[in-house]
Amino acid sequence: MRWAALAFLALTCLSGCSFSFEWLQMLRAQRAVVGQDFPGAVLILEKIMRERPDRDRSLEAARQGARIAHLMTKNYPLAIEFYRHIILKSEDPEERKSSQRFVAQIYYENLLNYDRAVIEYEKLLKLEHRPEEGFRYRLNLAKAHYNLNNLEQSLLEIDTILSGKLSPEETYEAKVLKASVLVHNKQLADAAGLWESILKEFPERSAKDNVALNLVVCYEELRDFGRAIEILENMKQGYPNPDFLDFRISRLRERKDNQPGAQGWKR
């Protein structure tokens, strides 16, 4: 009985020492944050998370470490590790989903790792989400495929978006992306038709974003110089740099006049 009591006391002391060590490490991390030593704080929090991953304190370390690594030190790979720990250990489904969203965002926006972004956004789309969240996840998924030159898959994702119920702003964003992908995929006639419909459906936003210039490029590539010139002429009123439009028009007229069969063209 005496040896059993001593053993129990020893274990209790060891457990208490461990708890005290973790608490002291967390205190050191907090002091580092107060002193704006964010890299030092992140290192301490990473150590706490890794050494005892199943303890509650490791989850709290991951929460604090994720915020600091993501927003303060811009250590994006380490921020992802913190967020993944939260995804694995948190019992709060909203916290897990939020962490998954940050992982996808970091791969897409900060690391420009579009292969991984595709994987992470596909995970997000399998989770319960609001319609506006689903729109953003799938739009970024389509953009990631676009950046990977997976153009057909990008178009499939955009068509999935457009088949749903969207706000006018969401419709505009999706259609502009689709037109851009069509241009990149050399489907110029389809792209021109879509740019035309965007101009009609969203005249004010199209004018602000100079959508008509994208249409001009399509018709120029299609060698329909007359239509391209017509669009540029219609843009002159209210355009902040009319000299630029005049220059484009003169270049297009020159190309039009030099086409086979044009008046004055010589073999």
Side-chain angles (χ1 to χ4, degrees), residues 108-109 114 117 121 125 130-263:
Y108 178 75
E109 295 181 6
Y114 300 117
Y121 277 117
L125 285 165
R130 298 191 301 274
E132 61 271 22
E133 291 175 330
F135 165 80
R136 188 58 54 190
Y137 300 157
R138 197 170 293 278
L139 190 75
N140 285 349
L141 177 60
K143 289 179 179 179
H145 279 299
Y146 178 36
N147 284 297
L148 290 168
N149 211 34
N150 299 333
L151 303 181
E152 295 299 331
Q153 186 60 42
S154 181
L155 289 170
L156 283 173
E157 299 295 347
I158 298 168
D159 285 339
T160 299
I161 293 171
L162 290 170
S163 67
K165 186 176 180 181
L166 303 174
S167 70
E169 178 64 26
E170 290 170 342
T171 302
Y172 176 83
E173 279 194 72
K175 286 188 174 182
V176 165
L177 178 59
K178 182 174 182 178
S180 300
V181 177
L182 288 170
V183 170
H184 199 68
N185 206 32
K186 304 300 181 184
Q187 295 173 252
L188 296 171
D190 292 336
L194 186 51
W195 286 127
E196 293 270 17
S197 72
I198 292 169
L199 281 164
K200 291 176 183 176
E201 189 176 358
F202 306 98
E204 292 182 5
R205 180 66 188 271
S206 295
K208 181 181 177 182
D209 294 343
N210 289 321
V211 164
L213 289 177
N214 295 310
L215 183 56
V216 169
V217 170
C218 282
Y219 282 123
E220 186 175 0
E221 290 294 315
L222 291 165
R223 305 185 71 80
D224 188 347
F225 302 120
R227 179 67 180 128
I229 291 168
E230 180 186 351
I231 295 165
L232 289 170
E233 291 283 6
N234 291 334
M235 288 179 65
K236 280 186 176 181
Q237 186 175 359
Y239 193 76
N241 188 2
D243 290 341
F244 168 73
L245 297 181
D246 286 334
F247 174 76
R248 291 287 300 272
I249 289 168
S250 65
R251 292 291 300 272
L252 287 169
R253 282 178 176 158
E254 183 180 340
R255 291 190 66 187
K256 182 182 179 182
D257 291 342
N258 288 330
Q259 285 188 103
Q263 186 178 1

[atom2] on [Y] to [atom1] on [X], rounded to 0.5 Å:
{"X": "Glu133", "Y": "Leu125", "atom1": "CD", "atom2": "CG", "answer": "10.5 Å"}
{"X": "Phe247", "Y": "Asn241", "atom1": "CZ", "atom2": "CG", "answer": "11.5 Å"}
{"X": "Lys256", "Y": "Ile249", "atom1": "NZ", "atom2": "CD1", "answer": "12.0 Å"}
{"X": "Lys143", "Y": "Arg136", "atom1": "NZ", "atom2": "CZ", "answer": "6.0 Å"}
{"X": "Leu139", "Y": "Ile161", "atom1": "CG", "atom2": "CD1", "answer": "4.5 Å"}
{"X": "Lys200", "Y": "Glu196", "atom1": "NZ", "atom2": "CD", "answer": "6.0 Å"}

Do [X] and [Y] have side chains that get closer than 4.5 Å, going by heavy atoms?
{"X": "Tyr146", "Y": "Ser180", "answer": "yes"}
{"X": "Val183", "Y": "Val217", "answer": "no"}
{"X": "His184", "Y": "Asn149", "answer": "yes"}
{"X": "Arg227", "Y": "Leu222", "answer": "no"}
{"X": "Leu232", "Y": "Leu213", "answer": "yes"}
{"X": "Arg248", "Y": "Met235", "answer": "no"}
{"X": "Glu233", "Y": "Ile229", "answer": "yes"}

To check you understand the geometry: which heavy-atom pair defines the closest contact between [X] and [Y], and what is its length?
{"X": "Leu199", "Y": "Ala212", "value": "CD2-N, 4.0 Å"}
{"X": "Val176", "Y": "Trp195", "value": "O-CH2, 3.9 Å"}
{"X": "Ile158", "Y": "Ala174", "value": "CG2-O, 3.5 Å"}
{"X": "Tyr108", "Y": "Ala144", "value": "CE1-N, 4.0 Å"}
{"X": "Ala228", "Y": "Leu252", "value": "CB-CD1, 3.8 Å"}

Side-chain donor-acceptor pairs under 3.5 Å in residues 150-157, sequence neighbours left out?
from	atom 1	to	atom 2	distance (Å)
Asn150	ND2	His145	ND1	3.3
Glu152	OE2	Asn185	ND2	3.0
Gln153	NE2	Glu157	OE2	2.9
Ser154	OG	Ala142	O	2.9
Glu157	OE1	Arg138	NH1	2.6

Note to self: Taking ring-ring contact (aromatic ring centres under 6.0 Å, His included) as the cut-off, I'd like each qualifying pair that reaches into residues 207-228, sequence neighbours left out, listed once.
What the structure shows: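 As it turns out, there is no ring-ring contact (aromatic ring centres under 6.0 Å, His included) pair with a partner in residues 207-228 once direct neighbours are skipped.
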Margin query: According to ring-ring contact (aromatic ring centres under 6.0 Å, His included), does anything in residues 148-171 pair up with another residue at least two apart or in another chain? List the pairs.
Written below: none
Check: What residues, two or more places apart in sequence or in another chain, satisfy salt bridge (charged side-chain N to carboxylate O under 4.0 Å, His left out) together with Asp224?
Finding: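 Applying salt bridge (charged side-chain N to carboxylate O under 4.0 Å, His left out) to Asp224 gives none.
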Check: Can you pull the salt bridge (charged side-chain N to carboxylate O under 4.0 Å, His left out) pairs that have at least one residue in residues 177-195, sequence neighbours excluded?
Finding: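 Listed once each, the pairs are Asp159-Lys178.
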Next item on the list: Mind checking ring-ring contact (aromatic ring centres under 6.0 Å, His included) for Tyr172 and listing every partner two or more places apart, or none if nothing turns up?
Entry: Phe202
Check: Should Asp246 and Lys236 be marked as a side chain to side chain contact (heavy atoms under 4.5 Å, CB included) after you check the CA-CA gap, both sets of side-chain angles, and the distance that decides it?
Finding: CA-CA 9 Å; Asp246 286 334; Lys236 280 186 176 181; 2.9 Å; yes
